Amino acid sequence: MVVDFLADYYCNVTNYPVLSQVAPNYLRKILPESAPFNPQPIEAILQDVQQHIIPGITHWLSPNYFAYFPSSASTAGILGEMLSTGLSVNGFNWASSPAATELESIVMDWIGQELKLPEAFLFSGKAQIAGIHPKNLLVIETYKSTSFALSPESLLSTILLDVENGLIPCFLCATVGTTATTAIDPIWPLCNVAKKFGIWVHVDAAYADRVDYTKSLTTYPSYLRNKASDSKQVIDYKDWQIALSKKFNALKLWIVLRSYGIGNLRNFIRNYVKMAKTFEELVKMDRRFEIFVPRTFSLVCFRLKQSAIATVEPNHNETKAHQNEDFMNQVNSKLLDLINGSGKVFLTHAVVAGAFVLRCVFSATLTEEKHVIMMWKVVQEKANSLLDKPIITLS
């Protein structure tokens with residue numbers, strides 16, 4: 001019955017507003033104040049899900065979802081999730097579920113091999129969690145001139161200043177695909193700088209995946225001791241994370257890889273990038289808009305130009321307010337509100353170097369080119385509506 005419910009949801013997901021339209025605390029006004037004393041039939045529960053829960057969901061599976069980085073659930077992924085949950089595995093160490101531990105190392109090596117990672121980056125079984133106090137962390141500013149990538153020169157000058165102040169730089173977190181703009185740091189040049197000072201480098205990838213090997217902390221109380229762990233021949237995932245418990249997510253990934261195959265998964269990714277290129281060209285064709293940072297992967301960051309916003313001034317004269325970045329941000333923020341308020345599509349934003357930009361991501365499983373075209377029409381319609389009216393400038 002639940003499977004049928006999900007199948008119907010997939011078929012009808014485009015009928016719902018992509019961004020939930022409910023008001024805060026809507027659910028508390030609907031549901032009882034306490035849990036039921038007696039059991040209730042699944043039919044009644046699913047009816048309440050349809051009537052009360054679905055309206056409060058932002059539909060990440062909708063083909064018109066272009067916000068954040070869509071989760072891209074698949075049929076194989078859902079089946080894998082059902083198996084993983086149904087088996088109720090908690091793989092915090094090898095003894096608690098050997099298959100969960102060993103399958104994860106295998107499928108992660110599969111992924112590493114397909115990414116052409118060096119042998120040293122494949123499964124080692126020696127990583128543990130580390131912690132650094134927030135007061136010892138320093139954020140290095142990036143600039144539009146480098147497409148918001150961290151420059152080796154900025155890193156070097158920061159390191160030298162720390163050394164001059166008697167500090168010991170020990171860790172660098174570089175990024176391949178930031179969340180806001182998918183900016184890519186020049187990893188090898190940064191590593192060359194870090195190597196001179198013996199600095200450990202972690203490559204974080206909000207857009208893709210992450211690899212991290214550290215040594216610092218272990219949690220091994222007596223009640224978790226067992227012969228397998230004592231032998232040092234197995235992996236205990238509790239030493240790789242903050243939480244003790246760990247889901248059997250490797251089973252889900254294993255099923256996805258086997259059900260689709262690497263070739264098809266590559267085609268999905270390439271198609272997402274192709275749709276992003278299509279949207280990028282549509283934006284460039286409309287002179288009112290600009291691509292704020294160069295497109296990377298399947299994310300496009302864009303906004304209304306100052307010249308387009310200036311035309312709404314009654315006398316067509318540019319004022320100080322129109323020249324103000326805050327005013328530009330206000331107008332683009334209003335445009336995003338109008339787009340999302342339509343319920344037809346859902347986009348998000350980022351603030352980059354003080355500029356409010358609209359983010360459009362292409363990676364939802366059900367998205368096709370027709371949805372891209374429809375979304376762009378919504379953007380243009382809302383821009384027409386916004387720019388056709390006088391805009392109240394900031395004081």
Side-chain angles (χ1 to χ4, degrees), residues 6-7 9-16 18-19 58-81 107 110-117 147 176-184 205-210 252-286 289 291-302 339 344-348 350 357-380:
L6 289 175
Y9 172 75
Y10 259 72
C11 292
N12 296 304
V13 68
T14 55
N15 296 332
Y16 303 114
V18 186
L19 179 63
T58 291
H59 300 281
W60 286 63
L61 291 177
S62 171
N64 300 314
Y65 185 103
F66 302 97
Y68 306 114
F69 290 121
S71 53
S72 296
S74 63
T75 303
I78 291 173
L79 295 176
E81 187 73 38
V107 296
W110 286 0
I111 295 295
Q113 291 161 9
E114 292 304 321
L115 293 174
K116 309 299 182 186
L117 293 179
S147 297
V176 176
T178 61
T179 300
T181 66
T182 61
I184 301 176
Y207 184 88
D209 204 345
R210 63 182 64 191
K252 179 178 179 180
L253 178 57
W254 185 57
I255 291 174
V256 169
L257 291 174
R258 295 188 62 186
S259 297
Y260 289 101
I262 292 296
N264 276 329
L265 292 175
R266 285 176 178 165
N267 290 336
F268 287 139
I269 294 172
R270 288 168 179 157
N271 190 47
Y272 296 144
V273 175
K274 181 181 178 182
M275 286 189 285
K277 289 180 178 179
T278 298
F279 180 72
E280 181 183 30
E281 292 305 315
L282 290 172
V283 175
K284 288 180 177 178
M285 290 170 59
D286 191 324
F289 291 89
I291 301 295
F292 189 76
V293 293
R295 180 196 55 77
T296 306
F297 306 127
S298 63
L299 168 67
V300 179
C301 294
F302 68 105
I339 293 169
K344 296 179 180 179
V345 298
F346 181 32
L347 281 65
T348 49
V357 298
L358 283 69
R359 296 174 70 259
C360 191
V361 182
F362 302 87
S363 60
T365 307
L366 302 178
T367 300
E368 301 175 9
E369 186 168 308
K370 65 181 181 181
H371 301 110
V372 179
I373 303 300
M374 184 279 291
M375 178 268 292
W376 176 236
K377 288 181 178 179
V378 172
V379 173
Q380 287 186 307

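Side chains included, hydrogens not; waters and symmetry mates left out as well; all remaining heavy atoms used. In this text, all values refer to a predicted model and were calculated from it rather than measured experimentally.
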Side chain to side chain, Leu253 and Trp110, heavy atoms closer than 4.5 Å: no

Name of the residue among Val345, Val372, Leu19 meeting side-chain contact (heavy atoms from CB on, under 4.5 Å) with Asn64: Val345

Rounded to the nearest 0.5 Å, how far apart are CE of Met275 and OG of Ser363? 8.5 Å

Over all atoms of both residues, closest heavy-atom pair of Ala276 and Ser298: CB-CA, 3.5 Å

How many angstroms lie between atom CG of Leu299 and atom CZ of Phe362, to the nearest 0.5 angstrom? 9.0 Å

Quick check against the 3.5 Å criterion: does Ser62 have a side-chain atom that pairs as donor or acceptor with the backbone of Val13? no

Please check this pair: side chain of Thr365 against backbone of Ser74, looking for a donor-acceptor N/O pair closer than 3.5 Å. no

Should Trp376 and Val283 count as side-chain neighbours, where that means a heavy-atom distance under 4.5 Å? yes

Closest approach of Ala180 to Arg359 (non-hydrogen atoms, all atoms of both residues): O-NE, 3.1 Å

Could you pull out the closest heavy-atom pair between Lys344 and Val18, with the gap in Å? O-CG2, 3.3 Å

Work out which heavy atom in Thr348 is nearest to a heavy atom in Ala67; give both atom names and the distance. CG2-CB, 3.3 Å

Heavy-atom side-chain contact between Val378 and Met375 under 4.5 Å: no

Please find the pair of heavy atoms, one from Phe292 and one from Val357, that lie closest to each other, and give the distance. CG-CG1, 3.5 Å

Using side-chain heavy atoms (C-beta onward) and a distance below 4.5 Å, is Leu282 in contact with Ile373? yes

Parallel, tilted or perpendicular for Tyr68 and Tyr65, by the 30°/60° rule? tilted

As an exercise, state the distance from CZ of Arg295 to CZ of Phe279, rounded to the nearest 0.5 Å. 12.0 Å

May I have the step-by-step check of side-chain contact (heavy atoms from CB on, under 4.5 Å) for Ile291 and Val300, ending in yes or no? CA-CA 7 Å; Ile291 301 295; Val300 179; 3.8 Å; yes

I want to check something: taking the side chain as every heavy atom from C-beta on, are Ile184 and Phe297 in contact at a cut-off of under 4.5 Å? yes

Do Val379 and Phe66 make a side-chain contact, defined as non-hydrogen atoms from C-beta onward lying under 4.5 Å apart? no

For the backbone of Pro63 and the side chain of Thr367, can you confirm whether one donor and one acceptor N or O come within less than 3.5 Å of each other? yes

Nearest heavy-atom neighbours spanning Val293 and Cys301: CG2-CB, 3.8 Å

Nearest 0.5 Å, what's the CG-CD1 distance between Leu61 and Ile78? 7.0 Å

Spacing of CG belonging to Asn271 relative to CG belonging to Asn264, to within rounding of 0.5 Å: 11.5 Å

NZ/NE/NH1/NH2 to OD/OE distance under 4.0 Å, Glu114 and Arg266: yes

Side-chain donor or acceptor of Thr182 paired with backbone N/O of Thr296 under 3.5 Å: yes

Give a yes or no on whether Gln113 atom CD has more than 12 heavy-atom contacts from other residues, nucleotides or ligands under 6.0 Å away. yes

Between NZ of Lys284 and CD of Glu280, what distance do you get to the nearest 0.5 Å? 4.0 Å

Do His59 and Tyr9 have their ring centres less than 6.0 Å from each other? yes

